[in-house]
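Here is the structure we will look at, set down as structure tokens.
Heavy atoms only: backbone and side chains are in, while hydrogens, waters and symmetry mates are out. Residue numbers run from 1 in the order of the sequence given.
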Amino acid sequence: MSDEQQKIKVMVVDDHPMWRDAVARDLEAAGFDIVATAGDGPQAVRRAQATAPQVLVLDLNLPSMPGVQVCKELVGADPALRVLVLSASGEHADVLEAVKSGATGYLLKSASPEELIDAVRRTAAGEPVFTPGLAGLVLGEYRRLASDPAPAASDEPKAPQLTDRETEVLRLVAKGLSYKQIAERLVISHRTVQNHVQNTLGKLQLHNRVELVRYAIERGLDDA
């Protein structure tokens, strides 16, 4: 059990008590700090605001308030919050709506406990995590959005200047490489890659790696 996992504060939101408790138990056994659980949307918002988790494991189908609304409210209030949707639905519309509402990743409930544990760890590190097949869907949607004509913006401020290394890291992020793969490719440390990504997010005023991938695709960096 790593110190990194021990420090990760997680909240689990699902309206089925047995499923919610099982997920919380598996994550706690893996070394995560389960700071709260919730069974409906309003309760999820209140408890997340009170306990400040780093990762929210969120079902979309919730009573009183849908999961996407919970995600929008909480990520809007705290852009550093990472949201991993854990849903029974693999419907493309649900996946895209979740990502647009601020979710970092999307995992189907058919995933194994090991896959869930790995997904929460990677989500906490800011990596987009998707059930196989869904990542391509999300990237395809970003490409479609990027190809749409952008509204005229003559007053748009000049794009921030990235260093050569930040641009290089951004290009590899857009190609779908993990931080570990980028570190190996550039012969630098995992921490240095994270620092470059955080600096780039700050310069571009973006909130997470999913937004960063979209930014890079819009500029054709994934094909470079």
Side-chain angles (χ1 to χ4, degrees), residues 2 4 7-8 54-56 71-72 75-85 95-107 118-224:
S2 71
E4 180 189 9
K7 295 173 188 171
I8 297 173
Q54 294 163 272
V55 177
L56 189 68
C71 187
K72 276 180 191 170
V75 174
D78 178 13
L81 175 67
R82 311 296 188 196
V83 178
L84 174 66
V85 170
V95 179
L96 295 175
E97 190 178 11
V99 172
K100 288 171 184 174
S101 72
T104 312
Y106 197 107
L107 203 63
D118 181 61
V120 172
R121 179 180 54 75
R122 290 171 57 199
T123 299
E127 295 189 35
V129 181
F130 294 95
T131 291
L134 297 183
L137 165 74
V138 174
L139 288 175
E141 174 70 2
Y142 282 156
R143 286 193 174 91
R144 187 190 67 74
L145 291 171
S147 67
D148 288 346
S154 54
D155 298 332
E156 188 174 313
K158 190 169 178 238
Q161 290 298 307
L162 300 180
T163 66
D164 290 345
R165 182 45 64 93
E166 285 167 351
T167 302
E168 198 172 13
V169 170
L170 178 57
R171 184 176 294 118
L172 295 175
V173 166
K175 287 177 181 291
L177 273 67
S178 69
Y179 290 170
K180 182 170 181 286
Q181 290 169 322
I182 294 171
E184 289 170 355
R185 176 81 63 90
L186 300 180
V187 197
I188 55 179
S189 72
H190 185 278
R191 174 65 62 187
T192 301
V193 173
Q194 286 182 311
N195 288 342
H196 283 311
V197 171
Q198 288 305 316
N199 290 342
T200 303
L201 287 172
K203 285 183 179 181
L204 301 177
Q205 295 185 313
L206 302 175
H207 297 133
N208 56 47
R209 185 168 156 166
V210 175
E211 292 183 7
L212 197 63
V213 169
R214 178 178 175 184
Y215 174 91
I217 289 171
E218 285 173 345
R219 282 148 188 81
L221 291 175
D222 60 318
D223 296 323

How far does CD of E127 sit from CZ of R82, to the nearest 0.5 angstrom? 10.5 Å
Could you pull out all residues at least two apart from D118 that satisfy side-chain hydrogen bond (donor to acceptor under 3.5 Å, both in side chains)? R121
For D78, enumerate each residue passing the side-chain contact (heavy atoms from CB on, under 4.5 Å) test, keeping only those at least two apart in sequence or located in another chain. A80, L81
Give me the atom names and distance for the closest heavy-atom approach of A98 to S101. O-OG, 2.7 Å
F130 and V99: side chain to side chain contact (heavy atoms under 4.5 Å, CB included), yes or no, with the steps? CA-CA 10 Å; F130 294 95; V99 172; 3.7 Å; yes
Return the CG to OH distance between L201 and Y215, rounded to the nearest 0.5 Å. 11.5 Å
Here the gap from H196 atom NE2 to T163 atom OG1, rounded to the nearest 0.5 Å, amounts to 6.0 Å
In residues 183-190, what donor-acceptor pairs under 3.5 Å come from side-chain atoms, sequence neighbours left out?
{"unit_1": "E184", "atom_1": "OE2", "unit_2": "K180", "atom_2": "NZ", "d": "3.1"}
{"unit_1": "S189", "atom_1": "OG", "unit_2": "T192", "atom_2": "N", "d": "3.0"}
{"unit_1": "S189", "atom_1": "OG", "unit_2": "T192", "atom_2": "OG1", "d": "2.7"}

Using the rule given for side chain to side chain contact (heavy atoms under 4.5 Å, CB included), can you reason through V75 versus V83, listing the C-alpha separation, both sets of side-chain angles and the distance that settles it, and then say yes or no? CA-CA 8 Å; V75 174; V83 178; 3.7 Å; yes
side-chain hydrogen bond (donor to acceptor under 3.5 Å, both in side chains) with E168: which residues, sequence neighbours excluded? R165
Matching residue for T200 among V169, T167, L162 - test: side chain to side chain contact (heavy atoms under 4.5 Å, CB included): L162
To the nearest 0.5 Å, tell me how far T104 OG1 sits from L56 CG. 10.0 Å
Return the set of residues passing side-chain contact (heavy atoms from CB on, under 4.5 Å) with V129 (not counting sequence neighbours), or none when no residue passes. A119, R122, T123
